[in-house]
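These numbers come from the heavy atoms of this one structure, side chains and all, not from hydrogens, waters or symmetry mates. Reminder, nothing fancy here: chain letters follow the sequence lines and each chain counts from 1. Fair warning: this is a prediction, and the values are worked out from it, not measured in the lab.
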Amino acid sequence: MRSHYCGEITETLADQTVTFCGWVHRRRDHGGVIFLDVRDREGLVQTVFDPDTVKAFNTANGVRSEYVVQIKGLVRLRPAGATNDNMTTGKIEILGKEITVLNKANTPPFPLDDYSPVGEDVRLSYRYMDLRRDEMQRNLRFRHKVTTHIRNFLDKEGFLDIETPILTRATPEGARDYLVPSRTHQGSFFALPQSPQLFKQLLMVSGFDRYYQIAKCFRDEDLRADRQPEFTQIDIEASFVNEEQIMDITQEMIKGIFEDHLNIDLGDFPRMSYSEAMRRFGSDKPDLRIPMELVDVADLLQDIEFKVFAGPAKDPKGRVAALKVPGGAKLSRKDIDAYTKYVSIYGAKGLAWIKVNELEKGIEGLQSPIIKFIGEENTMKIMERLEVANGDIVFFGADKAKIVNEAIGALRIKVGLDLGMLTCEWAPMWVVDFPMFEETSDGGLTAIHHPFTAPSCSPEELKADPANALSRAYDMVLNGCELGGGSLRIHDQEMQKVVFEILNISEEEQREKFGFLLDALQFGAPPHGGLAFGLDRLIMLMTGSESIREVIAFPKTQSAACVMTDAPGLVETKNLREVGIQLRPKETK
RNA sequence: GGAUUGGUAGUUCAGUUGGUUAGAAUGCCGGCCUGUCACGCCGGAGGUCGCGAGUUCGAGUCUCGUCCAGUCCGCCA
């Protein structure tokens, strides 16, 4: 049907006759001459219709936006002064000889240009139209380039692409599962995989040595700008390797992607332990583009009267941290109130502050509602420790360590972005030495990564002090965003049993849910480990998108629905009966 | 589950203290126009003010409920 893509027709084709197909992007009717900008995947080309070509002219007169047309015409250089430097094809135009309307189109529900902002729900309702827009075409094409890069890279490194089941079984820990009723086993349910975790480990037991998959994963949890209920992981696993090898190879992969597709050298990725990350940044995924750090000051405040500080300072689970904001003294009372409100969503009860106006005047040069509570001597010691300068402001968080870390950690990023403090565009890093477990609200322990993560100690040591045990896990972090994470896995049945015990998963439950894994560990499981990247997040970061939805062709809304297909939808009673399900009447409040 | 923002023409938005016939831009339709490129000029059509109650002489505007969409907290091994 065509000889060229629209966007490929340039001056090298001058004086040749070409045929192309596409959508009418814009029509400009000058009475005696009609211009059609025709668009396809590769770009736009301007076509001119003269009244001398009567039939084509009349057809061109009748076409409208988004009509699908086939045009045959002569490529010619544009007249002097009529070129368009903004277009790849702007030096030429097509003199239209024949035009066929392949399909008419209704008026588009929203403009497809780059100038008009359009509400996201409208875009999602007509996603197939939205995807015609240049930005979306570029995003999805970029995503393709990256996944192709990944496949080529991993293939070259000896990784095999192996598919794993979508219909599998529910897992006891982790996110809520998406369930699929079984027709042939009524009353039983499949679960969609939260990740191919167990299967990739079994593939290691099977001796495939190196596996990867660009795998859809499903988690029935509430959505965020960077979270969809179905998302894509770059899933990787290898045998007879240690952490270093996994980290090296995946770091090389990510570096290569940035080099080839954004022309950016990410350099070496610094490594930081979990505990250091929490101490300095209040986060297990620090944004290293922001130069500020949290500083502990609890030791200076243990003996003061002021309970708001002294309480957490003396509490082993408490924390008192200061955040120095260079140049922050210019913040108004209103700004500070806004930040106080901001930290309150993380549970902080307040936000104390000290402005440094004239340090040379000592305590007189400071401005703060709290100095009278913490005392002049303590205040000056804190100022000394923080190495403050005139014009700075210091914020304080005092509470349970978890709340201080979350609140002041988030404040650090918010203030850093608000005040334009970014020191670079890209800040990759590794976070290592995670704890094995963390405390749940009911006092039990839960796995920080997943229950198959190997600890960096023996089963006996793990049993003796599980709360302080470290794991052989690692997270790759980019700009404060967790790009991917993984670990060395447990390949020993005894160790696996100890972990299940600590997690309070009974032997019956172990047998029922993971019997196959425990068995597999007895049949010669090699040492192995791996990592999984969030592909959607990676592409979101690389394209500078505000949301993961901008890099997914057909995403869900925040209520995990699709406004285009209207999924999820009701099903016939007959279908329910076949799978042995009866709906409960809606609960009334 | 919670906090918060929004929902008015196809689209993006404005709409004052509750007060006449709800406006603008753009798009759409018609006319004019031979060098535009987000063409230009003239004219026209286009509204369940998300939905449902309530207050009021009177509601786009106030109150309550509800639905949808966005951001965030919880949640997401």
Side-chain angles (χ1 to χ4, degrees), chain A residues 25-38 44-52 57 64-66 78-87 89-90 93 95 106-126 129-130 171-177 194-195 197-198 217-229 231 341-348 403 406-407 410 414 434 436-438 440-441 445-453 471 473 482 485-487 499 503 505 532 534 546-547 549 556-561 563 566 589:
Chain A
H25 189 64
R26 225 180 283 278
R27 173 172 163 276
R28 290 180 296 278
D29 181 356
H30 286 251
V33 62
I34 297 170
F35 296 99
L36 295 186
D37 290 345
V38 182
L44 280 176
V45 69
Q46 171 170 287
T47 315
V48 198
F49 290 91
D50 272 334
D52 343 334
F57 184 85
R64 294 293 180 267
S65 284
E66 301 305 312
R78 292 197 191 186
T83 57
N84 185 342
D85 293 339
N86 298 323
M87 291 172 79
T89 61
E93 65 188 3
L95 182 60
N106 290 343
T107 302
F110 53 86
L112 299 183
D113 56 41
D114 294 334
Y115 312 98
S116 322
V118 182
E120 203 178 355
D121 46 344
V122 184
R123 291 174 52 200
L124 289 179
S125 300
Y126 301 90
M129 299 298 286
D130 186 41
T171 46
E173 285 214 7
R176 193 177 294 114
D177 286 308
Q194 296 182 21
S195 81
Q197 182 61 37
L198 292 175
C217 304
F218 306 86
R219 293 176 191 178
D220 187 5
E221 296 292 349
D222 286 344
L223 290 83
R224 288 286 188 283
D226 64 350
R227 237 161 62 192
Q228 285 271 307
F231 61 100
K341 196 174 171 197
Y342 180 72
V343 294
S344 75
I345 61 181
Y346 296 93
I403 290 176
E406 284 174 8
K414 173 111 177 116
F434 282 83
M436 275 294 281
F437 308 105
E438 66 185 339
T440 57
S441 49
L445 290 176
T446 181
I448 282 204
H449 266 82
H450 52 62
F452 320 107
T453 301
S471 71
E482 185 194 325
S487 62
V499 171
L503 293 173
I505 298 177
E546 291 286 312
S547 133
R549 294 184 297 276
K556 300 282 185 284
T557 65
Q558 192 161 39
S559 63
V563 286
D566 212 15
K589 284 178 190 169

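Look at CZ on A:R27: it is 12 Å from C1' on B:C28, rounded to the nearest Å. A:E120 has its CD atom 6 Å from the P atom of B:U71, to the nearest Å. In this structure, CG of A:D130 is placed 19 Å from P of B:G10, rounded to the nearest angstrom. Rounding to whole angstrom units, CG of residue A:D114 and P of B:U26 are separated by 19 Å.
Set against B:C39, B:U34, B:U36, the side chain of A:R26 has B:C39 as its closest nucleotide. Set against B:C76, B:G74, B:U11, the side chain of A:F110 has B:U11 as its closest nucleotide.
Inspection of the A:Q558 and A:R227 side chains reveals no N or O donor paired with an N or O acceptor under 3.5 Å.
For the side-chain contact (heavy atoms from CB on, under 4.5 Å) test, residues two or more places apart in sequence or in another chain that qualify with A:P51 are A:F57. When the ring pair (Phe, Tyr, Trp, His ring centres under 6.0 Å) test is applied to A:F110, no partner is found at least two apart in sequence or on another chain.
Between the base of B:G74 and the side chain of A:R224 there is a donor-acceptor pair shorter than 3.5 Å. For B:C75, its base sits under 3.5 Å from the side chain of A:R227 at one donor and acceptor pair at least. For A:D29 against B:C39, a side-chain-to-base donor-acceptor contact under 3.5 Å is absent.
Residue A:A225 is in sugar-phosphate contact alone, with no base atom involved, counting any heavy-atom pair closer than 4.0 Å across all strands shown. Residue contacts for A:G347: at a heavy-atom cut-off of 4.0 Å it reaches no nucleic acid atom on any strand shown. In this structure, A:T557 reaches the sugar-phosphate backbone alone: every heavy-atom distance under 4.0 Å involves primed, P, OP1 or OP2 atoms, never a base. Using a 4.0 Å heavy-atom distance criterion, A:N84 is classed as a base contact. Nucleic acid contact for A:R549: sugar-phosphate only, since backbone atoms but no base atoms lie under 4.0 Å from a heavy atom of the residue. Within 4.0 Å (heavy atoms only), A:E406 reaches sugar-phosphate atoms of the nucleic acid but no base atom. Within the nucleic acid shown, A:S559 comes within 4.0 Å of sugar-phosphate atoms alone, with no base atom in reach, counting heavy atoms only. Residue contacts shown for A:I34 are absent, as no nucleic acid heavy atom lies under 4.0 Å away. Within 4.0 Å (heavy atoms only), A:F452 reaches no atom of the nucleic acid at all. Residue A:S487 is classed as having no contact, given no heavy-atom separation below 4.0 Å to the nucleic acid.
The side chain of A:R28 places an N or O atom within less than 4.0 Å of a non-bridging phosphate oxygen (OP1 or OP2) of B:C39.
Contact check for A:H450 versus A:Q197: side-chain heavy atoms found under the 4.5 Å cut-off.
Within a 6.0 Å sphere centred on CG of A:D52, heavy atoms belonging to other residues, nucleotides or ligands number more than 12.
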